[in-house]
Structure formats: structure tokens, C-alpha cells
Amino acid sequence: YFNNLTFGGIGQTWQEPNSTWPLEAGKVLKQENTSEYTYFSGWAAQAYTQDRPHDQFPTQTQTVATDYVRKFVNLSPDIFFVYDRATLLNPSLPKEWHLHSQKPITINGRTYKFDNGTHQLIGQSLLPASGVSVLSVPQNPDGGATTSYRLDVVTNRNQATDTMLNVLQVAPVGAGGIPVSESIVAGS
């Protein structure tokens, strides 16, 4: 629920490997750090398995995702690419990408922005090209006053596998934002 994906509201669950469930919740596929960029790739489909049979109340295991890979690239100093590929057993479940902010989130189409008073985060959902909605959801614990805001970028194309790409830029408040995306078509 916090700065990650949920699938139809189903989030990651805590698991501790043991003899009956030896797989880790996730694993690092690749990591590189240079002065110009940082790259991280990880696999986390296991983290979405519900009702683990080795819990204190054994029940049937429910696999939600058969594949979930996140790739994260930071181009120094302030541009970030977040790529997610998810394959679900139930293709009707929406794939929901989340970010949280203490201040209100401004949304314009598939571009979003929020700040902390000094710096702003400007983001844009680039993939998939269709079937995406971008929403700001006030967070009201126990029905009380709004304490923060959650950005939901929801992909709901009723297919098992989707890829999502969000580009983020950190800049001083009042600086320009991410330019409008354009398609690049290869010529012959």
C-alpha cells in the first residue's frame, strides 16, 4: 500500500522462509551504481502470495502474481524511471501503483505533482498507453481528518500481463516539469 503495487487491493504480505515455504518474498536481479546512474531490478511475485500454509492458522495458498519485476533507474541527480511488469492469475484485477505525499497532489491527465514546501516531485505515467487512470486519494485514518494523500495510477486493461512506466523528476518548487511525451517512430 505504500509506494508499491497492489493488485485489486491485494498488497504484499509478510513471510518468513522455512522448510515448507523456502522461497524469499523477493530477490534482487541486478544492481549497478555509478556516478551517472543507479540501476536496480528485483523480482517480488512471491510477496503477493496470500494465506501461507505455514502460518499459525494453515489455509490454502492463493497465488496472486506469477511474475512481478520492478526496475528502477536514477539518472543523477534528479530523474527517476520506475518500470513495473506484472502478470496476474486473475486478469480482471487492476494493477495499482501508489505514491504517498503529506501535501495535496495535483493531477493533469497522466501527469502529477506534489511538494514538501521546498522541492517538488513531478511525475508522468507513460505506459501502458491506454487503460490508465490517475487519482489522488485523501488518507483519513479511522475516519478522522486527512493526514496525507495517496497517488493511485491504476491500470485496468483486463489482461494478465501489463507493463507500467512512470518517470519522476525532483526539482525546486516553481521549476518546470516533465515535458509532454512524444512517440518516436523508427524510419526505414
Side-chain angles (χ1 to χ4, degrees), residues 1-18 20-31 39-74 80-101 105 107 109-112 114 121 123-142 146-168 181:
Y1 302 106
F2 300 100
N3 305 328
N4 211 335
L5 289 180
T6 55
F7 304 126
I10 300 169
Q12 296 178 351
T13 59
W14 172 255
Q15 64 175 315
E16 192 168 316
N18 66 22
T20 61
W21 197 271
L23 299 175
E24 297 283 348
K27 60 184 172 184
V28 174
L29 300 174
K30 186 167 184 148
Q31 183 175 351
Y39 172 79
F40 171 85
S41 177
W43 183 84
Q46 244 355 76
Y48 292 91
T49 300
Q50 306 292 299
D51 301 325
R52 309 226 181 278
H54 69 279
D55 289 342
Q56 61 181 343
F57 303 106
T59 59
Q60 182 178 359
T61 298
Q62 177 191 4
T63 299
V64 176
T66 58
D67 185 38
Y68 171 37
V69 172
R70 170 162 281 180
K71 296 180 180 184
F72 182 85
V73 177
N74 167 232
F80 302 85
F81 295 89
V82 183
Y83 168 89
D84 294 291
R85 181 189 69 230
T87 302
L88 308 181
L89 285 177
N90 180 352
S92 69
L93 292 177
K95 296 156 187 90
E96 304 141 340
W97 190 85
H98 305 289
L99 278 179
H100 283 79
S101 171
I105 301 167
I107 297 171
R110 290 175 62 167
T111 300
Y112 43 89
F114 55 89
L121 179 104
Q124 187 171 12
S125 168
L126 297 178
L127 290 177
S130 64
V132 175
S133 60
V134 180
L135 311 161
S136 176
V137 181
Q139 300 299 286
N140 309 58
D142 302 321
T146 298
T147 58
S148 62
Y149 300 84
R150 185 184 71 222
L151 174 75
D152 291 347
V153 179
V154 180
T155 299
N156 197 356
R157 301 180 333 138
N158 206 27
Q159 59 186 41
T161 302
D162 274 301
T163 57
M164 292 147 280
L165 177 62
N166 282 272
V167 61
L168 311 170
S181 62

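These numbers come from the heavy atoms of this one structure, side chains and all, not from hydrogens, waters or symmetry mates.
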- [ ] Only counting residues at least two apart or in another chain, list the ones meeting side-chain contact (heavy atoms from CB on, under 4.5 Å) with Asp67.
- [x] Trp43, Val69, Arg85, Thr87
Task: Spacing of Lys30 atom NZ and Ser41 atom OG [to the nearest 0.5 Å] - done: 9.0 Å
Open item on the list: Can you confirm whether Phe72 sits close enough to Phe81 that some side-chain heavy atom of one is under 4.5 Å from a side-chain heavy atom of the other?
Closed with: no
Open item on the list: Would you say the ring centers of Tyr68 and Tyr48 fall short of 6.0 Å from each other?
Closed with: yes
Open item on the list: Could you measure the distance from the CD atom of Gln139 to the OG atom of Ser101? Nearest 0.5 Å is fine.
Closed with: 11.0 Å
- [ ] Could you pull out the closest heavy-atom pair between Ala160 and Pro91, with the gap in Å?
- [x] N-CB, 3.4 Å
Open item on the list: To check you understand the geometry: which heavy-atom pair defines the closest contact between Pro94 and Val154, and what is its length?
Closed with: CB-CG1, 3.8 Å
Open item on the list: Walk me through whether Asn158 and Ser92 qualify under side-chain hydrogen bond (donor to acceptor under 3.5 Å, both in side chains).
Closed with: CA-CA 5 Å; Asn158 206 27; Ser92 69; 4.8 Å; no
TODO: Please report the closest heavy-atom contact between Ala44 and Gln12, naming both atoms and the distance.
DONE: CB-NE2, 4.5 Å
Task: Minimum side-chain heavy-atom gap Pro128-Arg157 below 4.5 Å - done: yes
Task: OG1-CZ distance between Thr155 and Phe7, expressed to the nearest 0.5 angstrom - done: 10.5 Å
Open item on the list: Under 3.5 Å, is there a donor on one side chain and an acceptor on the other for His98 and Asn4?
Closed with: no
- [ ] Compare all side-chain heavy atoms of Leu121 with those of Leu99 and state whether any distance is below 4.5 angstrom.
- [x] yes
Task: Val82 vs Leu168 side-chain heavy atoms within contact, under 4.5 Å - done: yes
- [ ] Kindly indicate whether the side chain of Leu126, heavy atoms from C-beta on, has any atom under 4.5 Å from the side chain of Asn166.
- [x] no
TODO: Hey, could you give me the CD1/CG distance between Ile105 and Leu151, rounded to the nearest 0.5 Å?
DONE: 5.0 Å
Task: Output field: ring centroids Tyr149/Phe114 closer than 6.0 Å - done: no
Open item on the list: Set out, in order, the CA-CA distance, both residues' side-chain angles and the distance that settles side-chain contact (heavy atoms from CB on, under 4.5 Å) for Val134 and Asp152, then state yes or no.
Closed with: CA-CA 6 Å; Val134 180; Asp152 291 347; over 6 Å; no
Open item on the list: What's the separation between atom NZ in Lys95 and atom CG in Leu88, rounded to the nearest 0.5 Å?
Closed with: 4.5 Å
Task: Rounded distance [0.5 Å steps], CG in Asp162 versus CG in Leu5 - done: 10.5 Å
Task: Short side-chain donor-acceptor distance under 3.5 Å, Asp84 and Trp97 - done: yes
